[in-house]
Trainee: 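The following block contains the structure, expressed as structure tokens.
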Amino acid sequence: MQTQLTTADAYNLVHDGILAFARAEQQGMRIDVDYCERKKTFLTRKIEYKVKQFYETELGRQWHQVFGPKMTLGSNDQLGHILYETRGIEPVKLTASSKKGATDEAALKQLKIPDLDILIGIRKLKKIRDTYLDAFVREQKNGILHPFFELHTVITFRSSSRRPNFQNIPKRDKESMKICRSAIYPRLGHQLMEVDFSSLEVSIAACYHKDPVMIAYLMDPDSDMHGDMAEQIFLIKGFDKKKYSEHKLLRNAAKNGFVFPQFYGDFYGNNAEGLCTWVDLPQSKWKPGMGMKLPGGIHISDHMIDNGVKSFDAFVEHLKGIQDHFWNDRFKVYGQWKEDWLEEYRNKGYFDLFTGFRCSGVMGKNEVINYPVQGAAFHCLLWSFIDLDHRMREEKWDTKLIGQIHDAVVLDVHPDELDYVSKVVKEVTCVALPKEWTWINVPLDVEADLCDVDRPWSEKKAYELN
DNA sequence: GGAACTCGCCAC
DNA sequence: AAACGTGGCGAGTTCC
């Protein structure tokens, strides 16, 4: 007895969502402006030092020789000219539109020119200073930042954020994370909390394709899809990510270098390159003693060679087999759904999301497969956000919603309300939402992070929701 | 001097 | 045969 959601439901979700977001925007979050200014000055000095250092390298001198006073460190056109014309190096990668030699970090790293590491360091510090700290100071009013959240800009019916973009503040790189997130504070006497759905897009995809093997993975907390893939990709028996940090790394490589890219429509050829970067193997013939070490100190190249994968080319072939198995065997129902869903779109010219939204227009295969998942997954967050906003006002919480990052909600919590709010957030996301939307046929779970009272966002720690 | 474009890089 | 989905934003560049 599934109730099909309609365009009217979709409209209401957007309407209520905009209003809930507007309240979060008005609430805003505290910014330590003095800290931002101090850090900007500090970064500027550090950048100047590195720039000087770079000018004294062989590459810096050569660049200056060719461009003279027109030399601009931020110009990738100039950098590309020096590397790929003056020096005549063969580019490892071309840019997407104009097909010139790429100068992004991955491309530069592969050239193995130490001088370029200084440039990469400069780029990183400039990014922190100019994209984040600068924007925080520019956009704050009376020490409060009010990022906008919009529902009308994204083709998949996700949200976007701007002035500043609250959805791309550094997280993975430790130094960038620390510097940027140390600027963001709760109201005095409050604490920041972030609650995110665990692997939401994987779960929502399962609602569409209903693959029993995938659903089994999602239902069984002791199962481990990425670990299983790591075993298969790296030919490891007795895989134990809890016992070996090396296995944890291989699991991460499998997850971020194969499984997720495959879900987005990538193919084994690209995956092979990505995976090799993760485990530090070259894209050539493999020799003993190459790459990361496995438990017991054996290099991964020796291990792969012992198991019959003796070169990058052989690894590509190996991955081709794994990709075939992945879609035609392991997750064959998912694989079939992709074909059927695409076929249906090609017949009708459109497809509908579970949440009542319709996507039409000219789309490629990957778009047709990805849009319904990306949109509906975000709508789970949106529905939760609206419901929380409603309860917050109804019950006159001191705690406030202040932002949202696709599958996560950010709150400014009063410590006295922490236990109650935690309980409500968990109840709304994991019980009320699946009850309201009966198309959700897998359990949803959330994880939380919390900062201490009056501490910045950089200091969040895992927090157990009861 | 601003619009439009490219590239690189941050997030999910 | 083809081949990673969605954004925002800053710097550099080109065009008008």
Side-chain angles (χ1 to χ4, degrees), chain A residues 67 70-81 93-108 119-120 122-136 138-139 147-173 176-177 179-181 194 196-202 204-205 256-274 316 319-320 323 338 342 359 363-375 377-378 380-381 403-408 410:
Chain A
F67 285 94
K70 284 213 164 77
M71 174 176 179
T72 308
L73 270 192
S75 168
N76 294 322
D77 270 9
Q78 292 186 7
L79 176 59
H81 183 91
K93 185 174 128 186
L94 300 179
T95 60
S97 31
S98 61
K99 309 292 173 198
K100 288 187 289 195
T103 55
D104 60 10
E105 182 175 346
L108 297 185
L119 201 64
I120 292 167
I122 293 170
R123 278 183 184 171
K124 180 176 133 176
L125 299 181
K126 278 188 174 170
K127 176 89 178 167
I128 298 171
R129 185 190 61 180
D130 300 339
T131 302
Y132 298 105
L133 299 184
D134 233 18
F136 293 168
R138 187 178 65 244
E139 301 296 347
F148 291 90
F149 297 96
E150 301 187 326
L151 287 172
H152 66 282
T153 60
V154 181
I155 196 156
T156 60
F157 302 106
R158 247 196 190 181
S159 68
S160 63
S161 170
R162 62 188 180 89
R163 294 193 66 182
N165 183 351
F166 185 65
Q167 297 176 322
N168 74 346
I169 300 172
K171 184 175 193 177
R172 296 178 192 122
D173 181 89
S176 309
M177 185 284 286
I179 296 174
C180 296
R181 296 188 176 215
E194 181 173 348
D196 69 300
F197 283 100
S198 323
S199 59
L200 183 60
E201 287 198 9
V202 177
I204 297 311
N256 299 314
F258 183 80
V259 178
F260 283 151
Q262 283 285 330
F263 287 162
Y264 286 136
D266 202 2
F267 85 121
Y268 64 91
N270 286 337
N271 298 156
E273 293 175 31
V316 172
L319 271 188
K320 183 181 190 309
Q323 176 182 295
K338 294 208 297 182
L342 180 64
C359 294
M363 286 175 267
K365 180 176 179 175
N366 288 341
E367 294 163 323
V368 172
I369 301 305
N370 284 319
Y371 288 5
V373 176
Q374 193 183 99
F378 166 68
C380 291
L381 184 283
Q404 158 272 134
I405 313 168
H406 305 305
D407 69 348
V410 181

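Each chain gets a letter, A, B and so on, in the order the sequences are listed, and its residues count up from 1. Everything numeric here is computed off the predicted structure, so don't read it as measured data.
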Trainee: Could one point to a donor on the side chain of Gln374(A) or the base of dG5(C) with an acceptor on the other under 3.5 Å away?
Mentor: yes

Trainee: Tell me, please, which residues at least two apart from Lys100(A) pass side chain to side chain donor-acceptor pair (under 3.5 Å).
Mentor: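 Scan of Lys100(A) (side chain to side chain donor-acceptor pair (under 3.5 Å), adjacent residues dropped) gives Asp77(A).
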
Trainee: Quickly work out the Met71(A) CE to dA11(C) C1' distance and round it to whole Å.
Mentor: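 Answer to the nearest Å: 16 Å.
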
Trainee: Round to a whole Å and report the spacing from CD1 of Ile169(A) to C1' of dC9(C).
Mentor: 13 Å

Trainee: Quick one: is dA11(B) close enough that its OP1 or OP2 comes under 4.0 Å of any side-chain N or O from Arg172(A)?
Mentor: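 Affirmative; the distance criterion is met.
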
Trainee: Report the distance from atom OH of Tyr268(A) to atom C1' of dA2(C), rounded to the nearest whole Å.
Mentor: 10 Å

Trainee: Between Leu151(A) (CG) and dG7(C) (P), how many Å, whole number?
Mentor: 13 Å

Trainee: Any idea which heavy atoms bring Val154(A) and Ser160(A) closest together, and the distance?
Mentor: CG2-CB, 3.9 Å

Trainee: What I want to find out is whether Arg158(A) reaches Glu201(A) closely enough, with some N-O distance under 4.0 Å, to be called a salt bridge.
Mentor: yes

Trainee: Checking only heavy atoms, does the side chain of Arg158(A) share a donor-acceptor pair with the base of dC12(B) at less than 3.5 Å?
Mentor: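 Flag set: donor-acceptor pair detected.
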
Trainee: Gln262(A) has an atom CD; how far is it from atom P of dA3(C), in whole Å?
Mentor: 15 Å

Trainee: Can you tell me how far C1' of dG5(C) sits from CD1 of Ile369(A), to the nearest Å?
Mentor: 11 Å

Trainee: Using atom names, set out every protein N or O paired with an N or O of nucleotides 4-8 of chain B below 3.5 Å, distance rounded to 0.1 Å.
Mentor:
unit_1	atom_1	unit_2	atom_2	d
dC7(B)	OP1	Thr95(A)	OG1	2.6
dC7(B)	OP1	Ser98(A)	N	3.3
dC7(B)	OP1	Ser98(A)	OG	2.1
dC7(B)	OP2	Ser97(A)	N	3.2
dC7(B)	OP2	Ser97(A)	OG	2.2
dG8(B)	OP1	Thr103(A)	N	2.5
dG8(B)	OP1	Thr103(A)	OG1	2.6
dG8(B)	OP1	Asp104(A)	N	3.3

Trainee: Stepwise, does the side chain to side chain contact (heavy atoms under 4.5 Å, CB included) test hold for Leu200(A) with Phe378(A)?
Mentor: CA-CA 9 Å; Leu200(A) 183 60; Phe378(A) 166 68; over 6 Å; no

Trainee: Looking only at heavy atoms, what is the nearest atom pair of Leu381(A) and Asp407(A), with distance?
Mentor: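 Scanning both residues completely, I find the closest heavy atoms to be CD2-C, 3.8 Å.
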
Trainee: Provide the closest heavy-atom pair for Tyr132(A) versus Cys180(A) in the form atom of the first, atom of the second, distance.
Mentor: CB-SG, 3.7 Å

Trainee: Check every atom of dC12(B), dC9(C), dT13(C) against the side chain of Asp407(A) and return the nucleotide holding the closest atom.
Mentor: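 Between dC12(B), dC9(C), dT13(C), the one nearest the side chain of Asp407(A) would be dC12(B).
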
Trainee: Hey, does Asn168(A) reach any base, or is it just sugar-phosphate, or nothing, if we go heavy atoms under 4.0 Å?
Mentor: base

Trainee: Closer than 4.0 Å, any side-chain N/O of Tyr371(A) to the OP1 or OP2 of dT6(C)?
Mentor: yes

Trainee: Around Ile155(A), counting heavy atoms of other residues, nucleotides and ligands shown, do more than 12 lie under 6.0 Å from its CD1?
Mentor: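 Open: at most 12 neighbouring heavy atoms sit under 6.0 Å from CD1 of Ile155(A).
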
Trainee: Output the single nucleotide from dG10(C), dA11(B), dG7(C) whose closest atom is nearest the side chain of Val154(A).
Mentor: dG7(C)

Trainee: Can you tell me the distance, in whole Å, between the CG atom of Leu125(A) and the P atom of dC9(B)?
Mentor: 13 Å

Trainee: Could you please spell out the steps behind the side chain to side chain contact (heavy atoms under 4.5 Å, CB included) verdict for Asn370(A) and Thr156(A)?
Mentor: CA-CA 9 Å; Asn370(A) 284 319; Thr156(A) 60; over 6 Å; no

Trainee: Under 4.0 Å: is that the gap between some side-chain N or O of Asn270(A) and OP1 or OP2 of dC4(C)?
Mentor: yes

Trainee: Could you state the CD-P distance from Glu150(A) to dA11(B), rounded to the nearest angstrom?
Mentor: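 Interatomic distance, CD of Glu150(A) to P of dA11(B): 21 Å.
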
Trainee: Quick one: label Arg138(A) by what it contacts on the DNA or RNA (base, sugar-phosphate, nothing), any heavy atom closer than 4.0 Å.
Mentor: sugar-phosphate

Trainee: Please pick, from dC12(B), dT6(C), dG8(C), the nucleotide with the shortest atom-to-atom distance to any side-chain atom of Ile155(A).
Mentor: dT6(C)

Trainee: Are any of Thr72(A)'s side-chain N or O atoms less than 4.0 Å away from OP1 or OP2 of dA11(C)?
Mentor: no

Trainee: Counting heavy atoms from C-beta on, name the nucleotide in dG7(C), dC10(B), dC4(C) closest to the side chain of Tyr132(A).
Mentor: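 Looking only at side-chain atoms, Tyr132(A) lies closest to dC10(B).
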
